[in-house]
Protein chains: 4
Amino acid sequence: MTQPATTRVARRRDRRKAEIVRTATALLSEHGYQGMNLEDVAERTDIAKATLYHYFSGKDELVAAVIEAMTTEVNQRLEQELGRVRDRSHLEQIRTLMREQIRILTDTAPEVAPLFSWPTTWPDSFQDTIKDSRRRHDAIFRRVVEAGLAAGEFDCPDADVALQCLHGVLNQSSLWIRPSLPPERKAQLWDAVVDTASRMLSLRAASAG
Amino acid sequence: MTQPATTRVARRRDRRKAEIVRTATALLSEHGYQGMNLEDVAERTDIAKATLYHYFSGKDELVAAVIEAMTTEVNQRLEQELGRVRDRSHLEQIRTLMREQIRILTDTAPEVAPLFSWPTTWPDSFQDTIKDSRRRHDAIFRRVVEAGLAAGEFDCPDADVALQCLHGVLNQSSLWIRPSLPPERKAQLWDAVVDTASRMLSLRAASAG
Amino acid sequence: MTQPATTRVARRRDRRKAEIVRTATALLSEHGYQGMNLEDVAERTDIAKATLYHYFSGKDELVAAVIEAMTTEVNQRLEQELGRVRDRSHLEQIRTLMREQIRILTDTAPEVAPLFSWPTTWPDSFQDTIKDSRRRHDAIFRRVVEAGLAAGEFDCPDADVALQCLHGVLNQSSLWIRPSLPPERKAQLWDAVVDTASRMLSLRAASAG
Amino acid sequence: MTQPATTRVARRRDRRKAEIVRTATALLSEHGYQGMNLEDVAERTDIAKATLYHYFSGKDELVAAVIEAMTTEVNQRLEQELGRVRDRSHLEQIRTLMREQIRILTDTAPEVAPLFSWPTTWPDSFQDTIKDSRRRHDAIFRRVVEAGLAAGEFDCPDADVALQCLHGVLNQSSLWIRPSLPPERKAQLWDAVVDTASRMLSLRAASAG
DNA sequence: GATGAATGAGATTTCATTCAT
DNA sequence: TATGAATGAAATCTCATTCAT
C-alpha cells in the first residue's frame with residue numbers, strides 16, 4: 001500500500017508489452033506486414049492470441065509500437081554516440097554516426113534492418129507513422145551535416161542530396177554485410193564504407209584519409 | 001499452309017501475358033508479395049480470376065514472370081545506354097549507367113523501384129530468383145568499375161565496397177526523387193546525385209566536376 | 001460415293017469415342033467420379049478438352065458411356081463362356097461364370113473392378129444407370145442358379161441369398177488377388193475361390209471336389 | 001486448485017470433435033472423399049466452416065479421424081461379442097463375428113458400410129491408414145479361423161482364401177440388406193447369410209445346420 | 001488478466017462448361 | 001471437327017477480431 005498499486009502492475013504490463021514487441025519485430029522483419037500474423041506472435045511469446053488484445057488494440061497498434069520502439073532505440077544509440085564526440089570535428093561526428101548506424105544494422109540489431117532501413121510495403125494507414133520515423137532519424141544526421149557545411153568543413157554542394165546519398169549507402173550495408181561475418185572482417189568493412197561515404201561530404205578529408 | 005504456328009496466335013498470347021505482367025508489377029509494387037491478390041490483378045486486367053491460370057500456373061509463376069521482366073528490361077536499358085558511350089572514359093561510362101538507373105527508378109519506370117531496388121519480403125522460394133536478378137544487374141556496373149580501376153581511372157580502394165555503396169545511393173533515389181517533380185528539377189537532382197556518387201569512385205574527377 | 005458418306009465418318013467417330021471411353025475408364029477407376037477430371041481425360045487421349053464435347057454432351061454422358069461399355073463387355077464375356085458349357089451340369093456352368101468373372105476382375109480387365117464390382121459414390125443421377133447395370137449382370141448368374149435349384153443340383157435354401165453371397169466373394173477377389181501375380185499362382189487362387197464359393201451352392205459337389 | 005486441466009474443458013472439446021466426426025462420417029459415406037466438402041460438414045454440425053479448423057488441421061486430418069473412429073468402434077463391438085462366446089466352439093465364434101459384422105453394416109451403423117467395407121477411391125496419402133484399418137479388422141476374424149483350423153473344426157483348405165471370401169460375403173450384405181427392412185425380416189436374412197457363409201468353412205456343420 | 005472457441009471475410013486454386021475461330 | 005480462351009461457381013484454407021468464461 002506504500003506505492004500506488006498501479007506501479008508494480010504497470011511495470012509488469014510494460015515488460016509484457018516490450019516482450020511482445022520484441023517478438024513482433026522479428027516476425028515483421030522476416031515476413032513483412034502482411035506476412036506477419038498474430039498467431040505466430042502469440043505462440044512465440046508463449047501467450048494466447050486473444051491475450052494480445054489486452055495489450056494492443058489490434059494488429060496495427062502492435063505494428064505501430066514496433067516502429068516506434070525501433071525508431072526510439074536506434075535514435076537513442078545514435079545520440080549517445082554523437083554525445084561522445086561532441087567536441088570533435090563535424091567530419092568526425094558524421095563518421096561516428098555512420099559507423100554506429102551501420103553497426104546497428106549489421107551487428108547490434110540486424111533484425112530491425114528490413115523494417116527500418118528499407119521501405120516495406122505498408123498499408124496506407126502507416127504512411128504517417130513511417131514518415132515521422134524517417135524524419136526523426138534523418139534529423140540527427142542533418143544537424144551535423146548542416147553544421148559541417150556552415151563551418152566550411154564539408155564541400156558538398158547540397159545538404160539534402162548528400163544526406164539522401166548517405167542514407168542510401170548506410171541502408172545498403174544491411175544487404176551485403178552479413179551479421180555472421182567474423183568481427184574483425186565486419187570492422188574492416190564498416191571502416192571501408194565509412195571512408196567511401198565520407199568522400200561524398202568532404203574531398204579533402206577523403207584524400208587525407 | 002498456315003504460317004508457323006507460333007505467329008498470330010502465339011503473339012496474341014504473349015501480348016496478353018505481358019499485359020497481365022504489367023498489371024501485376026504495379027500491384028506488386030504497391031502492396032508487396034503478400035498484399036497483392038489475384039482478384040485485383042484480374043479485375044485491373046479486366047479478365048476473370050480463373051483466366052489468369054491459363055497464362056500462369058499460379059501466383060508464384062506470375063510473380064516470377066514479373067521479376068524476370070523487370071530485370072530484363074532494366075538491364076536492357078542500361079546496356080543500351082552503355083553502348084552509346086562505349087568510347088568514352090570509364091568515369092563517363094559509370095556516370096551514364098548511374099544516370100540511366102536513376103532515370104528508370106524515378107521517371108521511366110518508377111513502378112519497378114519498390115521491387116527491383118529494395119528487398120521486399122519474399123517467400124523463401126523466391127530467394128534464388130531474386131539473387132539471380134541482383135547478380136545480373138550488378139554485373140553491368142561491376143564490369144565498368146573494374147575496368148576503370150584497372151585503367152587507374154578510379155581511386156577507390158575496394159571495388160566491392162564501392163559497388164555496394166553505389167547501389168545504395170542509386171536505390172535511395174527512388175525514395176526521395178518524386179516522379180511527379182517537374183522535368184527540369186528532376187534532371188538537376190539526377191546530376192547532383194551522379195556528381196555526389198562519382199566522388200566515391202574518383203576524387204580527381206569530382207573536384208574537377 | 002458408293003457408300004453413304006456417313007459410314008466412314010461415323011466409324012471414325014465411333015473409334016474416337018471408344019478411345020475416349022477407354023481413357024475415362026482408367027481414370028474413373030483410379031480416382032472415382034469426383035476425382036476424374038476432363039482435363040486429364042483429354043490430355044491422356046491427346047485431344048483438347050473442348051473436343052470432348054463433340055463426342056459427349058458433358059461429364060455425365062461420358063461416365064454413363066463408360067458404365068455401359070463396361071457392363072456390355074463384361075456380360076458379353078460371361079455369356080460367351082457360358083455358351084461353351086451349355087451342355088454341362090449347372091454346377092459346371094456356375095463355376096465357369098465364377099471363374100470368368102474373377103478372371104476379368106483380376107486379369108483381363110482389372111481396371112474395371114473398382115467401378116464395376118464396388119459401389120463407388122456416384123451422384124444421385126447415376127443411381128438408375130448403376131442399378132440397371134447390376135441387374136443385367138446379376139441376371140446371368142441368376143438364370144443358372146435358379147435352373148440348378150430347380151434341377152435339384154444345388155442345395156442352398158435361398159437363391160437370392162446365395163447369389164448375393166456369390167457376388168460378394170467374386171467382387172472381393174479384385175481386392176486381394178493382384179493382377180501382377182505370376183499366372184500359375186493366379187490360376188491357383190482362382191480355383192481355390194471357385195471351390196470355396198461352390199460350397200455355398202452345393203455341399204455334395206464340394207465334398208466331392 | 002482446479003481439477004486436472006484435462007477434465008471439463010477437454011471433455012467438452014472431445015464431445016465437439018466426436019460430433020464433427022459423426023457428421024463427417026455420414027457425408028463421407030454418402031459422397032466419398034472428393035464429394036464431401038467442409039462447407040456441408042460445418043453446416044450440418046451447425047458451426048462455421050472456419051471453426052472446423054480448431055479441431056482438425058484440415059480435411060485430411062478430419063477424414064483420418066473418421067476412419068480411425070469407425071475402425072475402433074467396429075472392432076470393439078466385434079471383440080465384445082466374441083468375448084461372450086469365448087467358451088463355445090470355433091464355429092460358433094466365427095458365426096458370432098459374422099453375425100455382428102452384418103448387424104453393424106445393416107443395422108447398428110449402416111453409415112459406416114460404404115467407407116469401411118468397400119474400397120472407396122482415396123487419395124494416395126490415405127493408403128496406409130486404410131491398409132492399417134483393414135489389417136486390424138481382419139486380425140479378429142483370422143484369429144478364430146486359424147484356431148478353428150488348428151483344432152480340426154474347419155475343413156477349408158486355405159485360411160487366407162476362406163477369410164477373403166468371408167469378408168466378401170459380409171461386405172456384400174450392406175449392399176442388399178436394407179436397414180429399413182422390418183427387424184424380423186432382417187434377422188432372417190442375417191441367419192441365412194451366416195448359414196451360407198459357414199459352409200465355406202465347415203461342410204459338416206453346414207449339413208447339420 | 002487470460003484464454004479457448006468461434007467466425008466473417010477473403011485468398012488461392014480447380015473444373016465443367018461455353019464460345020469464337 | 002478441333003481447339004485455345006474464357007469464366008462462374010465452388011472448394012480448401014487463413015487470419016484478424018470478438019466473446020464467454
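Throughout, protein chains are lettered first and strands after them, A, B, ... in sequence-line order, and every chain is numbered starting at 1. For the numbers below, each heavy atom of this structure counts, side chains included, while hydrogens, waters and symmetry mates do not.
Side-chain N/O atoms of Lys49(C) and base N/O atoms of dT17(E) include a donor-acceptor pair closer than 3.5 Å.
Atom-to-atom, NE2 of His31(C) to P of dC15(E) comes out at 11 Å; the value is rounded to the nearest Å. Following rounding to the nearest Å, Phe56(C) (CZ) and dT1(F) (C1') show an atom-to-atom distance of 15 Å. Across the protein-nucleic acid pair, Glu39(A) atom CD and dC15(F) atom C1' stand 9 Å apart, rounded to whole Å. Distance Tyr33(D) OH to dA11(F) P: 14 Å, rounded to the nearest Å. Going from atom CG of Leu27(C) over to atom P of dC15(E) covers 12 Å, rounded to whole Å. Computed from coordinates, the Glu19(B) CD to dA5(F) P distance equals 14 Å when rounded to whole Å. Rounded to whole Å, atom P of dG8(F) lies 12 Å from atom CD of Glu43(B). Between the P atom of dT7(F) and the CD1 atom of Ile47(B) lies a distance of 7 Å, rounded to the nearest Å.
Of the residues Asp40(C), Thr23(C), Thr51(C), the one that meets the side-chain hydrogen bond (donor to acceptor under 3.5 Å, both in side chains) test with Thr45(C) is Thr23(C).
Side chain of Ala50(D), nearest nucleotide from dC13(F), dT17(E), dG8(E): dG8(E). When distances run from any side-chain atom of Asn37(D) to the nucleotides dT12(F), dA2(F), dG4(E), the shortest one goes to dT12(F).
Salt-bridge annotation for Arg44(A) and Glu30(A): present, with a side-chain N of the basic residue lying under 4.0 Å from a carboxylate O of the acidic one.
For the OP1/OP2 pair of dA2(F) and a distance below 4.0 Å, the side-chain nitrogens and oxygens of Arg12(C) include at least one atom meeting the criterion. Between His54(D) and dA6(E) there is no side-chain polar atom (N or O) within less than 4.0 angstrom of OP1 or OP2. Residue Arg13(A) places at least one side-chain N or O under 4.0 Å from the OP1 or OP2 atom of dG1(E).
Nucleotides of DNA chain E nearest to Thr51(A) and Met36(C) differ in position, and the one nearer the 5' end is that of Thr51(A). Toward the 5′ end of DNA chain E lies the nearest nucleotide of Tyr55(D), the other residue of the pair Tyr55(D) and Lys59(C) mapping further downstream. Remark on DNA chain F: of its neighbouring residues Gln34(D) and Arg16(C), the 5'-side contact belongs to Arg16(C), judged by nearest-heavy-atom nucleotide.
Under the Watson-Crick or G-U wobble criterion, with both distances below 3.5 Å, dC15(F) is paired with dG8(E). Nucleotide dT21(F) is matched to dA2(E) when pairs are restricted to Watson-Crick or G-U wobble geometry with both distances under 3.5 angstrom.
Figure legend: cation-pi geometry between Lys131(A) and Phe126(A) absent, as NZ or CZ is not positioned both under 6.0 Å from the six-membered ring centre and within 45° of its axis.
In this structure, Val21(A) and Tyr55(A) have side chains that are not in contact, with every pair of non-hydrogen atoms separated by 4.5 Å or more. Counting only heavy atoms from C-beta outward, the side chains of Ile130(C) and Thr120(C) never approach each other to under 4.5 Å.
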